[in-house]
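Input: a single structure, listed below in structure tokens.
Here is the naming used below: chain letters follow the sequence lines, and residue numbers restart at 1 for every chain. What you are looking at is a predicted structure, and each value in this text was computed from that prediction instead of being measured. Heavy atoms only: backbone and side chains are in, while hydrogens, waters and symmetry mates are out.
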Amino acid sequence: MPELPEVETIAESLRRAGEVGLPLVGETLVRATLRWPRHIAQPSALEFEEQVRGQRVRAIGRRGKFLVLDLDRHTLLIHLRMSGDLRMAASDAPLEKHDLTLLHTASGHDLRFNDPRRFGRVWLVEDAHTVLADLGPEPLDPAFDAAVLGARLARHRRRLKPLLLDQTFLAGIGNIYADEALHRARLHPLRASHRLSPDETWRLWRAVRAALRSGLRHHGASIDWVYRGGGFQNHFRVYARTGEPCPVCGTPIRRILVGQRSTHFCPSCQPLRPRRR
DNA sequence: AGCGTCACCCGGACGC
DNA sequence: TGCGTCCGGGTGACGC
């Protein structure tokens, strides 16, 4: 799914696209085709079509789960949510089912946002800050160390699982990475954030980064194998493995609901009340 | 403040 | 085969 690594991978592939003859950075957007206007979160569809016109793509980046395209006068933000996918295509190539938003470039190529479940959104704003302001730190940022995580954990009295999913706490972690990180950290998803020992905090810091890096290495998580997916789904340790043996200790993986979200963990490696030693 | 619940959305899986 | 139903991802709104 389009969690952080997926977006990172797409941004990377769009940067590299120039090497295979489908450049995007440096291209001028001449027109937009909005086949489902609600794809555009901001501004109105009409204003979007007007304002995007004639702007050059200066750079592509990522913040949290948002893909960030710097244009001449605006910032174009794309959130793929679950099933969204971006492709470059020749403008005269036939449309695929669920191609919802198309940005046509001066050189005759399109950036196509395909989105079967229509959860994704696109923003065109003068200041990216208006959309991104509340996002928490980037887990892979060198400035994000275990002390930063510890300070943030102590600031809340929340269960770890919902906290990790909160984009204002950390940016870019979705349901899969939250479960994978907690397993790597040997922490129960219901543990209270303000009651972690320094060692547990350090383990969580390491685990979050390791889970994300592993996703990156395998080109994204995409659990929904119908859609173009990354290989990380073949490396899940607990996610979607209910009843299967924990890869560390062999105990059957359990699935519970936490805040309406399916949550997978090893009851033996991730005890709610860890033994003190 | 933090939690629960619902709505959004649709393809796939499953039961009958 | 063809229905109906449930599920799940991320997020925002709302009520307690």
Filtered N/O pairs between nucleotides 4-7 of chain B and protein, under 3.5 Å:
from, atom 1, to, atom 2, distance (Å)
B/dG4, OP2, A/R159, NH2, 2.6
B/dT5, OP2, A/Q260, OE1, 3.1

- Query: Are A/E96 and A/R112 close enough for a salt bridge, meaning some N to O gap below 4.0 Å?
  - Reply: no

- Are A/E200 and A/R186 close enough for a salt bridge, meaning some N to O gap below 4.0 Å? no

Looking only at the side chain of [X] (C-beta and beyond, no hydrogens), which of the listed nucleotides [options] gets closest?
X      : options               : answer
A/R261 : B/dC3, C/dG10, C/dG8  : C/dG10
A/H79  : B/dC3, B/dG11, C/dG10 : C/dG10
A/R118 : B/dC10, C/dT11, B/dC3 : B/dC10

- Message: Tell me whether A/S193 contacts the main-chain N or O of A/H156 through its side chain, where contact means a donor paired with an acceptor under 3.5 Å.
- Response: yes

Expressed in angstrom and rounded to an integer, what is the separation of [X] atom [atom1] from [N] atom [atom2]?
X      : N      : atom1 : atom2 : value
A/L80  : B/dC10 : CG    : P     : 17 Å
A/R117 : B/dC8  : CZ    : C1'   : 13 Å
A/Q167 : C/dT11 : CD    : P     : 4 Å
A/R63  : C/dG10 : CZ    : P     : 17 Å
A/F236 : C/dG8  : CZ    : C1'   : 13 Å
A/K97  : B/dC10 : NZ    : C1'   : 10 Å
A/D134 : C/dT11 : CG    : P     : 13 Å
A/K161 : C/dG10 : NZ    : C1'   : 12 Å

- A/R121 side chain near C/dT11 phosphate (N/O to OP1/OP2, under 4.0 Å): no

- Message: Taking the ring centre of each residue, are A/F265 and A/H183 less than 6.0 Å apart?
- Response: no

- Note on the structure: For A/T201 and A/G150, the nearest pair of non-hydrogen atoms, with its separation, is CG2-CA, 3.6 Å

- Check whether the side chains of A/D199 and A/S197 place a donor and an acceptor atom closer than 3.5 Å, and report yes or no. no

- Item | A/D85 and A/N114: side chain donor to acceptor below 3.5 Å | no

